[in-house]
Amino acid sequence: MKQRISTLLQDILGREVVLEKPRERSLGHFATPIAFSLAKELRKSPMIIADELAASFSDSEEFSSVTAVKGYLNFKLSEDFLSEYGTWALDNPTSFARQENKQKILLEYVSANPTGPLHIGHSRGAVYGNTLYRLAKHLGYDITAEYYVNDAGNQIDLLGLSIQLYARENILGEDVEYPESYYRGEYLEDLAQGAIVKFGKEILSDTSRQKELALWAKDGVMNLIVKDLSDANIVFDAFVNESALYSDWDRVMEKMALNDKNAIYEKEGKLWIASQAKGDDNDRVVVREDGRPTYLAGDIVYHNQKFERGYDHYINIWGADHHGYIPRVNAAVEYLGYDSNKLEVLLAQMVSLLKDGEPYKMSKRAGNVILMSDIVEEIGSDALRFIFASKKSDTPLEFDIEQLKKQDSSNPIFYIQYAHARIKTIISKSSLNSNEINSASLKGFDGNADILLFDALLLPEVVEDAFNSRQVQKLPDYLQALAASLHKFYYDVRIIGREDEAKLLKLLMVVALSLKTGLGLLGIEAKDFMSRETDETD
RNA sequence: GCGCUCUUAGCUCAGCUGGAUAGAGCAAUGCCCUUCUAAGGCAUCGGUCACACGUUCGAAUCGUGUAGGGCGUACCA
């Protein structure tokens with residue numbers, strides 16, 4: 001809608017136009033401050049320019065009025081335009097807010113180490129990434145969601161060791177020293193018990209079999225992670241194992257050397273990548289003195305593989321504590337002969353939890369982590385998704401765990417769900433059938449109904465803007481505002497029994513479509529009915 | 001020290017390609033159920049947009065500086 005208006009204005013005014021929301025709804029649907037920017041070159045006052053411009057829109061199908069107020073140009077869309085659009089949306093519900101985009105995108109996110117279940121910090125990036133994924137799909141992009149499994153390196157050794165220590169302490173009853181850096185948590189119990197069934201008790205105390213134990217256990221941990229994710233409606237298209245990449249290492253190094261013979265060099269018995277020459281602070285070690293590759297080595301091979309698979313654009317979602325890592329990966333991508341501008345790294349900032357106003361320090365390796373699965377169980381996946389999707393991902397977020405547990409109006413997801421359920425209830429209570437509703441027109445509203453219609457039809461712009469700007473929170477913000485409009489309308493107008501009942505119901509159906517589509521993009525299912533819980537037993 | 005980033009209402013956050021009176025939710029206070037679910041609506045309260053200077057007809061938005069917070073500055077991932 002906005003797109004169409006915008007190009008229309010460009011045709012008439014002959015230049016790019018910034019469209020914004022007017023200060024007040026009564027002024028119009030769209031506004032532009034273009035007269036101000038023209039004022040200087042035309043050497044005329046903005047007021048006069050705006051008046052002149054307004055006059056040039058005298059006969060246009062799309063607008064019912066174009067007015068100049070204090071230098072702003074305000075546009076009011078015509079009833080025909082809005083009615084046609086709303087009817088089209090109801091007739092083509094699955095096409096509403098959809099687009100065609102040819103671009104192929106590879107999205108990598110979560111990629112948490114397979115050393116324990118996901119915690120609350122991971123879930124932010126997970127929700128953010130999955131919401132982007134859903135938006136992209138809806139907009140027609142060919143997008144693939146991928147999880148990079150770091151199943152090699154120190155943390156895997158540590159997993160094996162941690163299981164053994166846990167088992168020796170809690171199952172075999174030994175007195176062991178359990179250093180801070182080792183993993184803890186209930187899941188170790190299940191892994192240890194599983195290991196006994198699979199390998200026998202001996203493996204729990206045989207230090208030479210740690211690796212074997214770990215390699216077996218990581219699959220179990222991945223199952224936990226996959227379940228945590230799917231409980232929050234997050235599903236991946238592919239998993240790539242770090243361990244499977246190293247066979248490609250020699251070829252990738254040759255590839256870099258072919259592009260730039262100084263890309264990789266040897267010093268002090270180690271292999272380094274000359275990332276400083278590509279904007280990093282220092283050069284980085286990729287293979288240690290003992291021949292073990294560093295984490296970066298895996299990422300280099302992985303990114304080479306990504307680019308060889310040939311996408312138009314690559315998006316990585318990383319925790320904010322990895323931001324210093326971006327230059328070295330970019331350096332590697334360039335040494336591999338690819339355009340690092342195609343690689344976009346989005347950072348999901350830290351989540352800090354408060355409990356009754358006190359900071360709640362999270363550490364994955366301490367036992368006191370807040371598990372994603374616990375939160376999903378307590379407040380539901382819908383509320384979790386909504387909370388993370390409604391905050392800008394690149395600013396640190398702080399919230400009180402007690403607030404999260406509330407299931408009342410302070411939880412905006414209920415507010416939106418309730419709006420949708422109210423519409424469904426009215427429609428089911430009306431004596432009109434769907435034919436009578438669908439054949440009504442969306443014209444000739446009084447009161448605020450036309451504003452509600454316009455609001456509901458804004459979804460396509462919001463979806464597009466939310467994805468393009470990677471500002472996912474614009475969608476929940478919009479849905480909340482739309483729900484507010486609906487609730488107000490519901491209060492003001494008693495629909496059943498009015499003579500224009502059919503067209504009002506049709507209007508509500510457009511609102512419901514917008515809410516349902518929007519919620520779906522957030523991975524939340526719209527409810528047709530909500531039963532109020534009376535007495536809460538806690 | 002250096003790099004990145006943040007600072008907007010009591011709290012959590014929007015707004016930032018410069019534009020009309022800086023917004024929402026929560027909290028607080030007061031109203032509205034003989035009315036399609038009150039999980040709702042209405043109203044009130046609440047702000048020197050961290051501070052200073054600069055650019056501009058115009059700055060929460062852009063630039064510089066200051067203060068304070070977070071993260072990074074690994075041959076950990």
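Quick note on labels: first sequence line is chain A, next is B, and so on, each numbered from 1. Bear in mind the structure is a predicted one, so any value in this text is a computation, not a measurement.
- For B:C45, there is no paired nucleotide, since no Watson-Crick or G-U wobble pair has both relevant distances below 3.5 Å.
- Taking the six-membered ring for Trp and the full ring otherwise, A:Y109 and A:F236 have centroids separated by under 6.0 Å.
- When rounded to the nearest whole Å, the span between CZ of A:F386 and C1' of B:G25 equals 10 Å.
- Taking atom NZ on A:K527 and atom P on B:U37, their separation rounds to 18 Å, with Å as the unit.
- Looking at which nucleotide of RNA chain B each of A:W272 and A:D477 is closest to, the 5′-most match is held by A:D477.
- Taking atom C1' in both B:U29 and B:U21, the straight-line distance is 25 Å, to the nearest Å.
- Residues that satisfy the side-chain hydrogen bond (donor to acceptor under 3.5 Å, both in side chains) test with A:K211, not counting sequence neighbours, are A:D157.
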Taking N or O atoms only and anything under 3.5 Å, show me the protein contacts with nucleotides 41-46 of chain B, one pair per line.
from  : atom 1 : to     : atom 2 : distance (Å)
B:G41 : OP1    : A:Y415 : OH     : 2.5

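- Per the geometry, CD1 belonging to A:I426 stands 12 Å off C1' belonging to B:G40, to the nearest Å.
- Checked against a 6.0 Å centroid threshold, the rings of A:F30 and A:F454 count as neighbours.
- A gap of 11 Å separates the P atoms of B:A59 and B:A20, to the nearest Å.
- The partner of B:C2, taking Watson-Crick or G-U wobble pairs whose two distances both stay under 3.5 Å, is B:G72.
- With distances taken from any side-chain atom of A:K392 to the nucleotides B:A14, B:A77, B:A38, the minimum falls on B:A14.
- Rounded to a whole angstrom, the distance from the P atom of B:G54 to that of B:C13 is 33 Å.
- A:Q471 comes within 4.0 angstrom of the backbone, heavy atoms only, and of no base.
- Taking atom CD1 on A:I413 and atom P on B:G40, their separation rounds to 13 Å, with Å as the unit.
- If you check every strand for non-hydrogen atoms under 4.0 Å, A:Q417 touches nothing.
- Residue A:N74 is in base contact, counting any heavy-atom pair closer than 4.0 Å across all strands shown.
- A search for salt bridge (Lys or Arg N to Asp or Glu O under 4.0 Å) contacts involving A:K506 returns nothing, not counting sequence neighbours.
- Taking the side-chain hydrogen bond (donor to acceptor under 3.5 Å, both in side chains) definition, one finds that A:K474 meets it with A:D465, sequence neighbours left out.
- Each of B:U37, B:C36, B:A77 was ranked by its minimum atom distance to the side chain of A:N113; first place goes to B:A77.
- Evaluation of atom-type donor-acceptor distances gives no pair under 3.5 Å for the side chain of A:N282 against the base of B:A74.
- Of the candidates B:A20, B:A77, B:G15, the closest approach to any side-chain atom of A:H322 belongs to B:A77.
- The partner of B:A50 is B:U66, by the rule that a Watson-Crick or G-U pair needs both atom distances under 3.5 Å.
- The side-chain hydrogen bond (donor to acceptor under 3.5 Å, both in side chains) test applied to A:Y128 returns no partner, not counting sequence neighbours.
- Evaluation of the salt bridge (charged side-chain N to carboxylate O under 4.0 Å, His left out) test over residues 416-432 of chain A, restricted to residues two or more places apart or in two chains, returns none.
- Taking atom P on both B:C57 and B:C71, the two are 43 Å apart, rounded to the nearest angstrom.
- Residues that satisfy the side-chain hydrogen bond (donor to acceptor under 3.5 Å, both in side chains) test with A:Y295, not counting sequence neighbours, are absent from this structure.
- Counting non-hydrogen atoms under 4.0 angstrom, A:V493 reaches a base of the nucleic acid.
- Taking atom C1' on both nucleotides, B:G72 is separated from B:A14 by 27 Å, rounded to a whole Å.
- Out of B:U37, B:G15, B:U12, the shortest distance to the side chain of A:K474 is found at B:G15.
- Look at CZ on A:R292: it is 13 Å from C1' on B:A77, rounded to the nearest Å.
- With both ends at atom P, the span from B:U5 to B:G63 equals 10 Å, rounded to whole Å.
- Nucleic acid contact class of A:T425 (heavy atoms, under 4.0 Å, all strands): base.
- Pairing partner, B:G10: B:C26, with both Watson-Crick or wobble hydrogen-bond distances short of 3.5 Å.
- If you measure from atom CZ of A:R470 to atom C1' of B:C16, you get 19 Å, rounded to the nearest angstrom.
- Atom CG in A:L296 sits about 12 Å away from atom C1' in B:A74, given to the nearest Å.
- Here the side chain of A:R292 pairs no donor or acceptor atom with the backbone of A:V287 at under 3.5 angstrom.
- In B:C33 the base sits syn relative to the sugar, since the glycosidic angle is no further than 90° from 0.
- Each salt bridge (charged side-chain N to carboxylate O under 4.0 Å, His left out) pair with one or both residues in residues 475-489 of chain A, not counting sequence neighbours, appears once here: A:K488-A:D492.
- Between A:Y314 and A:H303, the distance separating the two ring centers is not shorter than 6.0 angstrom.
- Within 4.0 Å of A:A31, counting heavy atoms only, lies at least one base atom of the nucleic acid.
- Here the side chain of A:Y490 is nearest to one of B:A14, B:A38, B:G25, namely B:A38.
- Straight-line distance from the OH atom of A:Y418 to the C1' atom of B:C36: 10 Å, rounded to whole Å.
- In this structure, B:U56 forms no base pair with any nucleotide, since neither Watson-Crick nor G-U wobble geometry is met with both distances under 3.5 Å.
- Taking the charged nitrogens against the carboxylate oxygens, A:K306 and A:E108 do have a contact shorter than 4.0 Å, which makes a salt bridge.
- Taking the six-membered ring wherever Trp is involved, the centroid distance between the rings of A:F63 and A:H29 does not fall below 6.0 Å.
- For the C1' atom pair drawn from B:A27 and B:A9, the interatomic distance equals 11 Å after rounding to whole Å.
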Kindly give the atom pairs (protein nitrogen or oxygen, nucleotide nitrogen or oxygen) under 3.5 Å for nucleotides 3-5 of chain B.
from : atom 1 : to     : atom 2 : distance (Å)
B:G3 : N2     : A:H323 : NE2    : 2.9

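- B:U73 and B:U66 have their P atoms separated by 25 Å, given to the nearest Å.
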